[in-house]
Amino acid sequence: MSKPLHRPTLVVVIGILGFMLAVAFNTNTRLHGAQPDRASDLATVVHNMEAQRGDLEVRLADLRDQVAELEEVAASEQGIRDTFTNEIEAARLAAGLTGIEGPGVQVVLGDGSDVAPGTDPNLYLIHDSDIAAVVNALFVGGAEAIDVNGERVVATTPIRCAGTTVLVNAKRLGGPYTVSAVGNSDALYDAVISDPAAGLLFESYRAQFGLDVSVIKLSEVEVSAYRGSFRPTYAVQAEDGDA
Amino acid sequence: MLVLVLALALGVTLGLLTDIGVPPSMLTYAGVAVLAALDSCISGVRSSLEETFTDRAFVFGFITNTLMAGFIVFIGDRIGVKELYLAAVVAFGVRVFDNLGVVRSIMFRRRGWE
């Protein structure tokens, strides 16, 4: 222990150095002391999130059960909807709003070619009444769907004369007219041939005026869908529905 | 020598008991200042042993060292060279060990260990 080291300033300043060391140490300790806190914070966060996950898993299970229940309900509703869809489809089919294919007959009605001199040319032509007769005969034979040159014959379809053309569904058609009908082809054929009005076309008239007419049985006939509108002005559904 | 160690221990104890700290952002300042103070004290011990010690030079050196160290850290922060404090750390560290070597050799000589 040598004497010069006992200088008061040196002692005091070294004391200050010690104090400063402690201050730095304190600060550092606090800084690092904070880290375990942060770590424990993170641990808390993790624990909370795990708890949340547990809750969410329970909720997920609940929701899955609900989904299963709803799927069952939906399945039964699907049944109801299917029923409605089927009814609508049937209604559309009956209303003529769908294209039809099936066995049936095709009736071709063409004007006669050689008009004999001095005779009425009208006799050599196919008239709206002829087409109407054929259509009616086909319905008699049980036709389920009929079109004329692609114009579907529905409940409100008029067939009328318009000069040299025929209007079907307000559509102007020119000959030759092809009437397609789906149904029992034999029954349809017989109905057309034996019809009092239509039958004449294929026998005496054809022979007499050279009409280009024919009835063919087909295993596959296509009938177009009704493309027109349907806007009843006076027709209102009866109050008791089916009246 | 024992007095100095006791003074150091007293200062540390006092500091720990009062539990005074600086804001975390000032930790670098505190550390470099401590290093500067340590350097001053070691050089003070050395100059004492070499009989060149003067109170004024010692206290002045202590204060300027500490302030300059803090200033260097501050400048480093300001000009975006945060590592500038390393300059102070290295400089003071080298000086600490230099002075420590001198102190050691002087004391060894005095005690006749060499």
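Per chain, numbering begins at 1; letters A, B, ... match sequence-line order. Only heavy atoms go into these numbers, but all of them, side chains included; no hydrogens, no water, no symmetry mates. All figures in this text were calculated on a predicted structure; none of them were measured in a lab.
Only the side chain of B:T66 comes within less than 4.5 Å of a heavy atom of chain A; its backbone N, CA, C and O stay farther away. The contact between B:L38 and chain A is made by backbone and side chain atoms together, counting heavy-atom distances below 4.5 Å. No part of B:S40 comes within reach of chain A, as not one of its non-hydrogen atoms sits under 4.5 angstrom from that chain. For B:F62, the part lying near chain A is the side chain, with the backbone staying farther off; criterion is any non-hydrogen pair under 4.5 Å. Heavy atoms closer than 4.5 Å to chain B are found in both the backbone and the side chain of A:I14. The part of B:V59 that comes within reach of chain A is its side chain, from C-beta onward, which places non-hydrogen atoms under 4.5 angstrom from that chain. Heavy atoms of B:A33 lying under 4.5 Å from chain A belong to its backbone as well as its side chain.
By the 4.0 Å N-to-carboxylate-O rule, A:D147 lies too far from A:R152 to be salt-bridged with it. Salt-bridge formation is detected for the pair B:E50/B:R46: a Lys NZ or Arg NE/NH1/NH2 atom is positioned less than 4.0 Å from an Asp or Glu carboxylate oxygen.
Counting heavy-atom pairs under 4.5 Å between each of B:L14, B:L27, B:L35 and chain A puts B:L27 at the top. The most heavy-atom pairs under 4.5 Å with chain B, out of A:I16, A:L21, A:T27, A:V12, come from A:T27.
For the pair A:F139/A:I146, a side-chain contact is recorded, criterion being any heavy-atom separation below 4.5 Å from C-beta on. Put simply, the side chain of B:I75 reaches to within 4.5 Å of the side chain of B:L84, judged on heavy atoms. At a threshold of 4.5 Å between non-hydrogen side-chain atoms, the residues A:Q106 and A:K217 do not count as touching.
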- Steps toward salt bridge (Lys or Arg N to Asp or Glu O under 4.0 Å) verdict (B:D55, A:R7): CA-CA 8 Å; B:D55 285 349; A:R7 291 173 190 281; 5.1 Å; no
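Rounded to the nearest 0.5 Å, atoms CD1 (A:I126) and OH (A:Y177) are 8.0 Å apart.
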